[in-house]
Amino acid sequence: MDRKEMQNTRLYLLAAFLVLALTAYLFVLYDVQVIHYEKYAAQAVRSIVRPEKVEASRGIITDRNGKPLVGNRSTYDLTFDADLLSPGEDSSEAILRLVQLCQQEGVAWSDNLPISRLSPYTYTVDQLDKQQKKLFLAYLKSLKPCAEALGEYLLRHPEAVSTPEPEPEEGQETTPAEELSPRKQAQALLERLVPGDLTAELLVESGVTPAQLIGAMREELNIPEQYTMTQARMVLGVQYELSVRKLDNYAAYVLAQDIDTPFISLLSDGNYAGAKVTLSSAREYKTTYAAHILGYVGKIGVEDDYPTLKKRGYDYDDLIGKEGAELAFEDYLKGQDGRRLVAVNDEGKVTGEYYFTEPVPGNTVELTIDLDFQAQVEGFLEETVTRLNADGDERRGAGAAVVQVGTGEVLALASYPSYDLSTWREDFSQLNTDPRTPMYNRATMNGYPPGSTLKPFTAMAALLDGKVTLKEKIKDTGSWRYPGDEQNSYANCWKTSGHGNLNVTGAITNSCNYFFAEMGFRLEMEGLRKYLVQFGLGEKTGIEIPETAGLLPENPQGQNQAPWAAFGQGTQLYSPLQLANYVATLVSGGKHCQAHLLKAAKTYDNSAVVATGNTEPLNTIDISDENLRAVKEGMKGLVEGTLSPYFKNCVVPAGAKTGTSQVKADTKNHGVFICFAPYDDPEIAVAIAIERADAGAALASTAVNILNAYFTPSEDSSTISGENQLLP
């Protein structure tokens, strides 16, 4: 081959190589850009961007007039994200710097590792809630030395496992436990160990002492040997939080909440690796009133079903309603969190961000209460109790309820003593040990014997059942005697000489025990209970916050207590809200409505109504105009007679009934009071109960103040000073 041919051959080979290389390049390019485009595109996105949750603000709560009761204030949270560390940066060193800064500045950080932070190290497992125990147990099972030690202990003490061995499914062959190897037996027992079995004693006895667990964690998480035990424990608390979140795919770890701007400046100036400040929000209370109605929020805990909540979009660190309206209307108040994609460079620094899903704020919940009126009712209750406390009884409490007639809307709900929602967490220890139990809602949760406030009901029940007529008069001789047992069973009237001949109206006005004992005898307990239920007594009113069902009267074995139950004695107990709702049912002509706090739930921008409160009657009692007039006139007669010193200053005609709730011989009686107004066309029903009030005068003046506050502007309402007169 001559020199020219050799050169041509080389050129051909070079050209062939170039064509082959170009073909291979085009094939790879086609494979990446066409055949597997989606796969490689997704990998590229994951390498430069990452998703983050954008917290939606919680809905606000207002009164019926739109006045804000609970809102939000912007806060900042500190999160630790190991993905933000640059290549080669040590996570333990970054964590130690961060928690030491928190310690130095007095910033509390989240750390649920159940080992005390200082020597001597002890377990604090008993302080964990159910969900936290579940996470801790899962972590122990994932830590090989701890899992082996626990398994060996359970093999020696299988009684420590409360969960029984599962029954084999039909047709399934199983190997008897005794035929399994010790290792597999131990593993099976460990799998059956549940959070409820986990105690500090079990851990220590199994050999997993706090010191040994710290040692195992140090090895597992590569904590530097030069760290002291105290430093290691601080770092391990954060590392533990990061680990348990990975076990259950939780969101990013919020290290500290509601940090202030000076602390944020220190973070920025100190260039703390892995630290990230995120915008968040916290509940802000716009009023010091209605604490028992509004309630509060808290972190998801033992009482919450987290697996279910997780499916509904909750993260473990989210806040959720715990009490009051915050809990009752959680589904309306909870917003829909958004998602955003954050672009980062190869050093983990954020270079850009854009939304994937915009967050949707929670709905606005409008309550039925009127804030100004609520404040006045609470004030009147406090003034009355303070005046009564001059007798030295500092543990006296009270409750009051105001219900709109015909709808069941709760206009005011007061319990005394109360507390301040804005500081209750700081004050919790004091509140929890206060013998007056200020966090207890007496308006809905406490049952009181109704006393004579039940007499208008008994009169109506007897009329409805045909046990008495409007024209019939019964002669009160001062002491009603049980037929057939006159010597041993009797009910004395408060007027020992008797009231003489009384019809239904007169019996209510004069609060005649004789008359109503006779009505109870005629109705019998079965009839009495039947009508009590129709008027909503002895069962829950339906209000959205916790309440008692009360207690219906019943006959002890071989006895008939109906005559005494008919005028409010016996074992029956009703809350102020139940009593107010019963009065509203009565004066409405028989419309028994559900007591409720929800006026409406609206979208955050008020563009749509999501839900409204139920104002339709639960049941309707067929009350004739004549029967209703007779009962109302009896209550009006009391206002114009015995109660006239108090109601002479009332700005609107009203009807009322006092009650004395007998407690025990050596204790002052509770005072109970019911009223409604205006007389001709009732709008509101009121019930008040004051513990050991003894004199009805205190309650009468309080009731007049409440009526005046509702029917006149607040600046014009007059305060009635109580007169120390005992009312029946």
Side-chain angles (χ1 to χ4, degrees), residues 57-73 283-297 321 323-330 332-333 361-382 399-416 418-422 424 441 443-444 541-545 576-577 580-581 584 593-606 608-615 683-686 705-715 717:
S57 62
R58 192 171 176 83
I60 66 172
I61 302 175
T62 73
D63 78 345
R64 64 187 301 113
N65 302 312
K67 290 184 179 180
L69 304 174
V70 185
N72 303 298
R73 61 179 176 84
R283 287 311 246 176
E284 184 176 35
Y285 299 96
K286 307 289 187 177
T287 177
T288 58
Y289 299 103
H292 298 95
I293 296 173
L294 298 175
Y296 49 84
V297 297
E323 288 288 345
E326 292 278 23
L327 171 59
F329 307 121
E330 172 66 26
Y332 300 133
L333 295 168
N363 297 302
T364 297
V365 170
E366 182 181 293
L367 300 183
T368 58
I369 65 168
D370 180 301
L371 177 58
D372 293 338
F373 182 50
Q374 172 75 26
Q376 289 176 300
V377 173
E378 289 190 29
F380 296 142
L381 211 57
E382 181 178 5
V402 183
V403 175
Q404 189 176 68
V405 175
T407 67
E409 292 185 358
V410 177
L411 303 174
L413 199 63
S415 180
Y416 181 84
S418 188
Y419 64 103
D420 189 344
L421 280 171
S422 63
W424 80 271
N441 188 356
T444 64
T541 66
I543 195 168
E544 299 91 340
I545 61 178
L577 178 61
N581 209 35
C593 297
Q594 172 188 333
H596 60 278
L597 287 165
L598 179 66
K599 182 73 174 175
K602 304 174 183 178
T603 53
Y604 72 96
D605 56 1
N606 289 329
V609 176
V610 177
T612 57
N614 178 24
T615 59
E683 293 181 27
I684 63 172
V686 180
N705 286 333
I706 291 173
L707 294 178
N708 285 350
Y710 182 80
F711 288 105
T712 60
S714 58
E715 60 269 21
S717 63

Q: Please answer whether the main-chain N or O of Gly321 pairs with a side-chain N or O of Glu330 as donor and acceptor at a distance below 3.5 Å.
A: yes
Q | Interatomic distance, His292 atom NE2 to Leu421 atom CG [nearest 0.5 angstrom] | A | 9.0 Å
Q. Can you find a heavy atom in the side chain of Arg64 that is under 4.5 Å from one in the side chain of Leu411?
A. yes
Q) Is there a donor-acceptor pair closer than 3.5 Å between any side-chain N or O of Gln374 and the backbone N or O of Leu413? A) yes
Q: Would you sort out whether Leu367 and Leu294 count as a side chain to side chain contact (heavy atoms under 4.5 Å, CB included), showing the intermediate values?
A: CA-CA 10 Å; Leu367 300 183; Leu294 298 175; 3.9 Å; yes
**Q.** Minimum heavy-atom distance between Glu378 and Ala414, given as atom pair plus value
**A.** CG-CB, 3.7 Å
Q) Can you check whether Cys593 reaches Thr407 side chain to side chain, under 4.5 Å on heavy atoms? A) no
Q | Heavy-atom closest pair, residues Asn72 and Arg58 | A | ND2-O, 2.6 Å
(Q) If I take atom CG from residue Asp370 and atom NZ from residue Lys599, how far apart are they, to the nearest 0.5 angstrom? (A) 11.0 Å
Q | Nearest heavy atoms of Val365 and Phe329, plus distance in Å | A | CG1-CD1, 3.8 Å
Q. Got Leu371 and Thr62 here, is their nearest side-chain heavy-atom distance under 4.5 Å?
A. no
Q. Looking at side-chain heavy atoms only, is the closest gap between Phe373 and Val402 below 4.5 Å?
A. yes
Q: Identify the two heavy atoms, one from His596 and one from Thr368, that lie closest to each other, and give their separation to 0.1 Å.
A: O-OG1, 3.3 Å
**Q.** Any donor-acceptor N/O pair, Asn65 side chain to Lys67 backbone, under 3.5 Å
**A.** no
Q | Nearest-0.5 Å distance, CG of residue Leu577 to OG1 of residue Thr541 | A | 4.0 Å
Q. So, Thr603 side chain and Ala608 main chain: donor-acceptor pair closer than 3.5 Å or not?
A. yes
Q.
Any side-chain to backbone donor/acceptor pair from Glu544 onto Ala328? Under 3.5 Å, distance only.
A. no
Q: Nearest 0.5 Å please: distance from the CG atom of Leu381 over to the CD atom of Gln376.
A: 13.5 Å
Q. Distance from Arg283 atom CZ to Leu333 atom CG, nearest 0.5 Å?
A. 6.0 Å
(Q) Restricting to non-hydrogen atoms, name the atom on Ile293 and the atom on Ile545 that form the minimum distance, rounded to 0.1 Å. (A) O-CG2, 4.1 Å
Q. Of the non-hydrogen atoms in Ala709 and Phe380, which two are nearest, and what is the gap between them?
A. CB-CE1, 3.8 Å
Q: Report the C-alpha distance between Ile369 and Leu69 in whole Å, list the side-chain angles of each, state the deciding distance to 0.1 Å, and finish with yes or no for side chain to side chain contact (heavy atoms under 4.5 Å, CB included).
A: CA-CA 10 Å; Ile369 65 168; Leu69 304 174; 4.2 Å; yes
Q. Under the side chain to side chain contact (heavy atoms under 4.5 Å, CB included) criterion, do Tyr332 and Leu598 qualify, and how do the steps go?
A. CA-CA 11 Å; Tyr332 300 133; Leu598 179 66; 4.1 Å; yes
